[in-house]
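Input: a single structure, listed below in structure tokens.
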Amino acid sequence: MTSRPRHLFVTTALPYANGPFHIGHIMEYIQADIWVRFQRMVGNKVHWMGADDAHGAPIMLKAESEGITPEQLVTRIAADRPKYLEGFHIAFDNWHSTHSPENTQLTQRIFRELQEAGLVYVKAVEQFFDPVKNMFLADRYVKGECPNCHAKDQYGDTCEVCSKAYEPTDLINPYSTLSGATPVRRTSDHYFVKLSEPRCKQFMREWLNAEQNGKPRLQPAVRNKANEWLEGEGDQALTDKDISRDAPYFGIPIPGATGKYFYVWFDAPIGYLASLKNYFDSGKARANGEERSFDEFLAAPDVEQIHFIGKDIIYFHTLLWPAMLKFAGEKVPDNVYVHGFITVSGAKMSKSRGTGISPLRYLDVGMNPEWLRYYIAAKLNANVEDIDFNPEDFIARVNSDLVGKYVNIASRMAPFIAKFFDNRMPPLPAGSRGISAALEHQAAIRAAFDEREFGKAIRLTMEVADAVNAEIDVYKPWILSKDAANNPDNLKKLGEICASSMATFKALTLFLKPILPALAEQAEGYLNSGPLDWNLFERGDAASLLPAGHHFGTFKPLITRVDPKQLDALFESANEAAKKTAEAPASGPGPTPQAASAAEITVDDFAKLDIRIAKIVAAETVDGADKLLKLTVDIGDAQRTVFAGIRSAYTPEQLAGRLTLVLANLKPRKMKFGTSEGMVLAAGPGGKDIFLLSPDAGATPGMKVK
RNA sequence: GGCUAGGUAGCUCAGCUGGUUAGAGCGUGGCACUCAUAAUGCCGAGGUCGUGGGUUCGAGUCCCACCCUAGCCA
């Protein structure tokens, strides 16, 4: 507050425009949104840009399979974005697209500047070419037999069976996954950025290890990782980056090179700048108080350029992107803040297993977006760590902290204030545990927000809330209120605890405001305070928090508790949605839902499934899991333990001794209760309607299904 | 395989540059209270800080090895 405001150009990773947001995107946005709101509350100027990452072969192919143009696909996906962003109170200043005139212009400009800097060269590359689709094939579109262990149907980069890495051209009997055709080798000129050049490496070395505002610009884990890539030797050495793709490709044309396009990862980060340019050109920046032009702003030394990203794209943001900007003569990024992934109940997100949480479903089942914001904030810190969404933990955390501790303070004081003090602020007592705690912690809370240690900010905030609740218990206002009407001493004491509680409540509202903007706004309504910001603590004394005589608004319940049933609904619908996508993957307007079936696979794909007749030797319930049964199955040559989510439809007694089908080569999965070594096959929508498959008479355990 | 990080109470996590009986919240057991959205307060149980070595007067905190988890190897 005393220093000049910082000017922050903030971005979050551009979501790939071939699908809707998932919980991972939302987590990143929530992290950045909290940070951005906090920065605004301490008086800094923030410009937060988002955009769709629209280019690349996957989008082109997906559009083609739906019979629409890539532009139509991208437009359709983009149309859904506001639902999510508004739904979770994500306050971007601008949302744009990499498929835009701004991005074309900037990308081509940066490319030319890199050329002039002597960092671009052309080299012939031999690659597989699909003679049917008439296009070059990226590694993931080529499959064949592993040259090392001879496993069939391995991708063009590494073998999933023996983990051997190789070139796609090493595959035996390769085929295109797009057409099935045998690809031919063909040579084409590609453009490369010379990252391996000494001055380039020297720059990256300096950039990676530099300090920013007296602190390392990168988190230590990120810096270590990037340094490792940068300093690698031999076959680990940093290689030049291939930045071109041949037509057909959905992307930005390379100037002066017919039939060549920029690889999507070249123009994607430039999309940050394109969104910023669009923000300036459309007048939004000016409306947001920024008087400079786009070019002035981008080059200004006082503007900090900060990227929030996930740990999967560290390479691009800490090596390629800074180097691109540097040698194009642009200002380089100041910070890259990296976060981990979000898991659900310890399992990695997986649409096919239905463990992911759909953000839209979350809103549809009526859950409060601020619950999720709070929960995620409580788990976030500045490290590159994965965080886990645990349903029980979620309920406990939200209900206990937000309802039981924070909102409860206003809720338990409001009636007294209305009844005994004409809904006005009584005079503060000399000492107050709550206010002291708030004043003591406010600087640390502020620092924690700035450092993205949101979990720490919340811990400290809850300490303040605990202090007030304990203080209320000492005063016992419910006893004071009994004769306060004709006992001046008790009336005074009642006033003290009301005043202390409400002043602290105001501070707590401020602390939580970056995380809970809508709730804070309601609380501000009751506090009749106007929008709170960190100026509240400028004077640092208790009396300035909330002056005596201040008139409060009408108290209304601020937030409801989480109902466990809502979480059940969330996961049920997630499971149903997952089943639907499993049945009709990316089919768009094709067959009707009832007729929907899975995408076509080959006999070879089917052969990968080791489905066997199995005898259920034993079945038992699992303590602590009301959906699971623990089954011991005989699959011929072995007995396996399998956990099956069929308890809603079967009792252990119904199962013991019967035959069924088991997928025996499913990767074993560790669960809270043990390891599940296979999957029992069943059909049905769920609940009581789950139907286990059975073989006809005569089948014996171990027989393979084929 | 190499590398990067992490493994602290049932659960989720704090523990700064090594220093007295290792902390919090949730959950759990008991008590108190009833103003409040069955909210709140107090007391208690619960950890050989992944394992094994080492350095040190002293290590969850430093070093080595190993095990497990996650991720990266573009």
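Note that this is a predicted model, so its numbers are computed, not measured.
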Taking only N and O in the side chain of [X], is any of them less than 4.0 Å away from OP1 or OP2 of [N]?
X	N	result
A/Asn224	B/A5	yes
A/Arg412	B/U34	no
A/Asn399	B/A38	no

Given [options], identify the nucleotide with an atom nearest to the side chain of [X].
X	options	value
A/Phe416	B/C35, B/C73, B/A14	B/C35
A/Asn381	B/U40, B/A14, B/U37	B/A14
A/Lys405	B/C73, B/C35, B/C26	B/C26
A/Asn408	B/C13, B/A36, B/U37	B/A36
A/Asn469	B/C33, B/U40, B/A36	B/U40
A/Lys225	B/C72, B/G6, B/C26	B/C72
A/Val407	B/U12, B/U37, B/C72	B/U37
A/Asp393	B/U37, B/U12, B/C35	B/U12
A/Arg561	B/A70, B/A36, B/A39	B/A39
A/Arg459	B/C73, B/C26, B/C13	B/C13

How many Å lie between [atom1] on [X] and [atom2] on [N], as a whole number?
X	N	atom1	atom2	result
A/Asn227	B/A5	CG	P	11 Å
A/Phe394	B/C13	CZ	P	16 Å
A/His441	B/A24	NE2	P	14 Å
A/Ile417	B/C35	CD1	P	16 Å
A/Ile409	B/C35	CD1	P	18 Å
A/Ile314	B/A5	CD1	P	11 Å
A/Arg397	B/C13	CZ	C1'	8 Å
A/Ile342	B/G71	CD1	C1'	17 Å

For the ring pair [X] and [Y], is the centre-to-centre distance below 6.0 Å?
X	Y	result
A/His307	A/Tyr272	yes
A/Tyr121	A/Tyr191	no
A/Tyr375	A/Phe389	yes
A/Tyr406	A/Phe505	yes
A/Phe316	A/Trp321	no

Look through every strand shown and name the nucleotide pairing with [N] as Watson-Crick or G-U wobble, where both distances are under 3.5 Å.
N	result
B/A5	B/U69
B/G10	B/C26
B/U48	none
B/C35	none
B/G18	none
B/U55	none

What does [X] touch in the nucleic acid at a heavy-atom separation under 4.0 angstrom: a base, only the sugar-phosphate, or nothing?
X	result
A/Pro557	base
A/Leu238	base
A/Lys456	nothing
A/Lys311	sugar-phosphate
A/Lys476	nothing
A/Ile559	base
A/Leu558	base

Could you measure between the two [atom1] atoms, the one in [N] and the one in [M], and give it in whole Å?
N	M	atom1	answer
B/A9	B/G60	P	15 Å
B/A59	B/C68	C1'	22 Å
B/A45	B/U55	C1'	37 Å
B/G18	B/C57	P	15 Å
B/A14	B/G6	P	11 Å
B/U20	B/G58	P	14 Å
B/C72	B/G50	P	25 Å
B/U40	B/G1	P	50 Å

TODO: For A/Ile387 and for A/Ala221, find the nucleotide of RNA chain B with the closest heavy atom, then tell me which residue's nucleotide is more 5'.
DONE: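 The residue closer to the strand's 5' end, by nearest nucleotide, is A/Ala221.
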Open item on the list: On RNA chain B, does the nearest nucleotide to A/Thr239 precede the nearest nucleotide to A/Ser400 from the 5' side, or the other way round? Give the residue.
Closed with: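 Mapping each residue to its closest nucleotide by heavy atoms, the 5'-most match is A/Ser400.
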Task: Working for side-chain hydrogen bond (donor to acceptor under 3.5 Å, both in side chains), residues A/Glu496 and A/Tyr475 - done: CA-CA 9 Å; A/Glu496 285 176 2; A/Tyr475 267 92; 3.0 Å; yes
Open item on the list: Does the plane of the ring in A/Phe266 sit parallel, tilted or perpendicular to the ring in A/Phe262? Use 30° and 60° as the thresholds.
Closed with: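 Rings of A/Phe266 and A/Phe262: parallel, as their planes differ by under 30°.
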Open item on the list: In terms of relative ring orientation, are A/Phe308 and A/Tyr337 parallel, tilted or perpendicular, with 30° and 60° separating the classes?
Closed with: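 The arrangement is perpendicular - the two ring planes meet at more than 60°.
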Task: Within 45° cone of A/Tyr263 ring axis and under 6.0 Å: A/Arg245 NZ or CZ - done: yes
